[in-house]
Each structure stands twice: as structure tokens, then as C-alpha cells.
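What follows is a short report on a single structure.
Whatever order the structure lists them in is the order used to number ligands and atoms, beginning at 1.
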Amino acid sequence: MKVLVATEKPFAPVAVKGIKDIITLAGYEMAVLEKYTEKAQLLEAVADVDALIIRSDKIDGEVMDAAPNLKIIVRAGAGFDNVDLAAATAHNIVVMNTPGQNANAVAELVIGLLIYASRNKFNGTSGSELMGKKLGLLAFGAVAQNLARIAHGMGMDVSSYSPLDRPQMIIDAGCHVHESLQELFAFNNIVSLHLPSTPETRRSIGYDLISSMPKDAILVNSARQDVIDEEGLLKALTERTDLRYVTDLKLADHDHAVELLGDRYIFTPKKMGAQTKEANVNAGLAAAQQIVAFIKDGVKKFQVNK
Ligand code: 3PG
């Protein structure tokens, strides 16, 4: 039984060691493919593997065709839009994620980005504080829940709109509930996106919502680049020069956005939300344990291609 850890963006070494300990203790072999630059390297590495641990690595039908022994793919993280689920099901491959395991890391990054933006990128001018500001969370999954906890500690006024209709969960977390997406955007100084990338959410955040935000508002995206309607965002921010877009996912036409928006477009050079030792250990070890439980006992908890 062979397990491959295929991560274009590598885990911290301590996480790789922890994964290896679990895999070898179970009597399996482990291989690692990190920082690969060509799909051909991935196709070659999967040829003899039974299980695959990935992050945002793209796994399509071609990769599955190249891996005739593959039985399980675990996305060490939350979002699984990078895996072709229909192809996996057709290949009789179980796909799982590890929900919640890297959520605190992403929430902390959002706070860091918001402080950086609110203090004018530490450029010496007077910025503003987060205390007392209204923070609206779009969706209320694990990252949003962690963000609510931290933001409450900072004295922010936190609210949420959940497309999954989770009012009680939002109330129990001490947040106000919005009845609609429109209300969330019109009400809050900061709106933070926590949507998965699905056919329904892709390009769902556009001109009307963004241009309805209050004066000096910030839209922060640590979720997925493609939930933004880029044309609509650029149009809204061109008209409203008080608004800012802060993101862990660079826009598709990044250079154009830099040129157009200048300092009002704040971005990380590479997606960094889940890039902490702790999140790597949490998600990586959970992935390894889920593989062992599946191979040994057929446990399918967290399967996402049912
Ligand atoms: C996730 O979906 O878990 C996050 O977006 C983190 O992705 P990453 O593992 O590629 O950093």
C-alpha cells in the first residue's frame, strides 16, 4: 500500500514527518512530491499509488487515469473544487476533505490582512482601528466561526448571512443574523467571504453588492478567487474610490487590478491562509488518519463524492 503526498505548496516539515509516522506505523509506504512545476511530474508520481494526500493541487480525470491503483484522495483542507468529483466517482475513488482543520489559520490571516489594510499598509499615516467596526461574514462555516470568535475579542460587531440558512448557529456564536446577501453588504464596514467555489457561488459577488457597501468599506476574500465577478468588482471600485479589496487570492487579471486600483487592492503574493505549521499538522495528520481508517476499516467519514 503506497501513499503519495503531492503538494505543489509544501506542508511544514513537521507535518510531513507526522504524516509519515502515521503511514509507516500502519505498515504502508510513503512518497512525497513537493513544489512540482509540471503536471507530467504528478502523472508519473501517481502511477503506483493507492492513496493520495493533496492541498489545492488539481486532480482531474487524466491524473486518475494515470493512477490505476488509486482508491482514495484526501484533500488536506476544506475546499475540494480542485478535484473532479464526477471523474473520481467514475474511477471508483473516494474523495474526502478535512473540514475545520486549517480554519483558525485562515481566520488569523484575515485579521492580519484587515489590520494591515486599516493601518494603511504601515506607511506612517493615520489609519483606523477594528474595534467597533461592523464585520459581516458571508457564510458561517469553520473559518467564519473562528473569525467571529477572534473579532468579538477585538470588540467588533459581528454579523453573518448564511446561504445554508443557519440562523441558530449564528445566534449561538453571539452574532447578528442577516436576512439577505443585500442586507449583509449594505450594513457592514467589512464583509468577509467564506463561500466555497461551486456553480452557484462562482462570480456571485459583483457590482451591485460591492457598490452597495457603506463609505470606506473593505471587502476581504480568503475563500476562492472565482466567487468574485472580477469585472463587477473593478467597476465598483473604480466608481467608489473609498472602497478596498483585500485578498489572499490574487485576481485573474492581477496586473490590470494593480494598475487600476493601486493601494486599494491588497493581496498576498501566494495563497497563505492555511500556511502555518499548526494548520499543516492538523490537516495533514487528519488526512493520514482518514486514509488509514478507510483502508483498514472502510471508514468513509468526510467523503465528499457520494
Ligand atoms: C482550504 O480550502 O482548505 C484552503 O483554501 C487552504 O488551501 P491550501 O491547502 O491550498 O493552502
Side-chain angles (χ1 to χ4, degrees), residues 3-16 18-19 32-37 39 42 52-60 63 73-85 88 95-113 137-147 150 163-164 192-202 204-205 220-228 246-252 267-291 301-305:
V3 180
L4 174 69
V5 177
T7 49
E8 180 274 319
K9 183 174 61 186
F11 287 126
V14 63
V16 178
I19 295 169
V32 180
L33 173 70
E34 290 177 335
K35 292 188 191 169
Y36 59 94
T37 50
K39 188 176 185 183
L42 180 62
L52 190 55
I53 296 176
I54 53 159
R55 295 184 65 178
S56 290
D57 306 80
K58 195 166 167 43
I59 306 297
D60 58 15
V63 178
I73 300 168
V74 183
R75 192 287 190 236
F80 44 85
D81 46 300
N82 49 319
V83 181
D84 184 336
L85 297 188
V95 182
M96 296 183 190
N97 65 350
T98 65
Q101 299 290 350
N102 57 21
N104 181 65
V106 181
E108 287 191 12
L109 184 85
V110 171
I111 293 291
L113 288 172
L137 308 171
L138 177 46
F140 206 66
V143 176
Q145 289 164 37
N146 276 281
L147 193 47
I150 302 168
L164 294 181
S192 187
L193 306 179
H194 300 290
L195 295 167
S197 170
T198 65
E200 292 75 39
T201 64
R202 272 170 221 140
S204 65
I205 309 301
V220 55
N221 184 5
S222 62
R224 286 294 180 270
Q225 176 254 324
D226 61 6
V227 302
I228 294 285
V246 177
T247 184
D248 192 26
L249 301 312
K250 283 197 269 190
L251 290 164
F267 54 88
T268 53
K270 196 175 174 85
K271 186 175 159 202
M272 292 298 295
Q275 200 61 325
T276 65
K277 287 194 220 48
E278 294 87 345
N280 291 170
V281 166
N282 292 344
L285 270 56
Q289 278 153 357
Q290 286 172 215
I291 285 173
K301 194 175 172 192
F302 303 122
Q303 182 175 1
V304 293
N305 64 327

Please determine whether any non-hydrogen atom of K271 lies less than 4.0 Å from an atom of ligand 1. yes
Which atoms of ligand 1 are found less than 4.0 Å from any heavy atom of R75? 1 (C), 2 (O), 3 (O), 4 (C), 6 (C), 7 (O), 8 (P), 9 (O), 10 (O)
What's the verdict on side-chain contact (heavy atoms from CB on, under 4.5 Å) for M272 and K9, showing C-alpha distance, side-chain angles and the deciding distance? CA-CA 10 Å; M272 292 298 295; K9 183 174 61 186; 5.7 Å; no
Pair S56, N82: side-chain N/O donor-acceptor within cut-off below 3.5 Å: no
Of the protein's non-hydrogen atoms, which lies at the shortest distance from atom 11 (O) of ligand 1, and what is that distance? K9 NZ, 2.7 Å
Considering only protein heavy atoms, which is closest to atom 9 (O) of ligand 1, and at what distance to one decimal place? R55 NE, 2.9 Å
Where does N102 meet ligand 1, judged by heavy-atom distances below 4.0 Å: at the side chain, the backbone, both, or neither? side chain
Check: G79 N/O within less than 3.5 Å of ligand 1 N/O: yes
Any side-chain heavy atom of V74 sitting closer than 4.5 Å to one from I54? no
Using distance alone, with no hydrogens and no angle criterion, decide if N282 and E278 have a side-chain donor and acceptor under 3.5 Å apart. no
Rounded to the nearest 0.5 angstrom, the CE-CZ distance for M96 and R75 is 15.0 Å
With heavy-atom distances below 4.0 Å as the criterion, list the atoms of ligand 1 near R224. 1 (C), 2 (O), 5 (O)
Is Q101 close enough to touch ligand 1? Criterion: a residue heavy atom under 4.0 Å from a ligand atom. no
Looking at K39, I'd like to know if its NZ atom is crowded, meaning that more than 12 non-hydrogen atoms belonging to other residues, nucleotides or ligands lie closer than 6.0 Å. yes
Polar proximity ligand 1 side, G77 side, N/O cut 3.5 Å exclusive: no
When distances are taken from atom 6 (C) of ligand 1, the protein heavy atom at minimum range is A274 CB, 3.6 Å
Which protein heavy atom lies closest to atom 3 (O) of ligand 1, and at what distance to 0.1 Å? A78 N, 2.6 Å
Quick one: nearest non-hydrogen protein atom to atom 10 (O) of ligand 1, plus distance? S56 OG, 2.5 Å
Could you check if a side-chain atom of V16 sits within less than 4.5 angstrom of a side-chain atom of V5, using non-hydrogen atoms only? no
Value rounded to 0.5 Å, distance of CG in D81 from CZ in R202: 6.5 Å
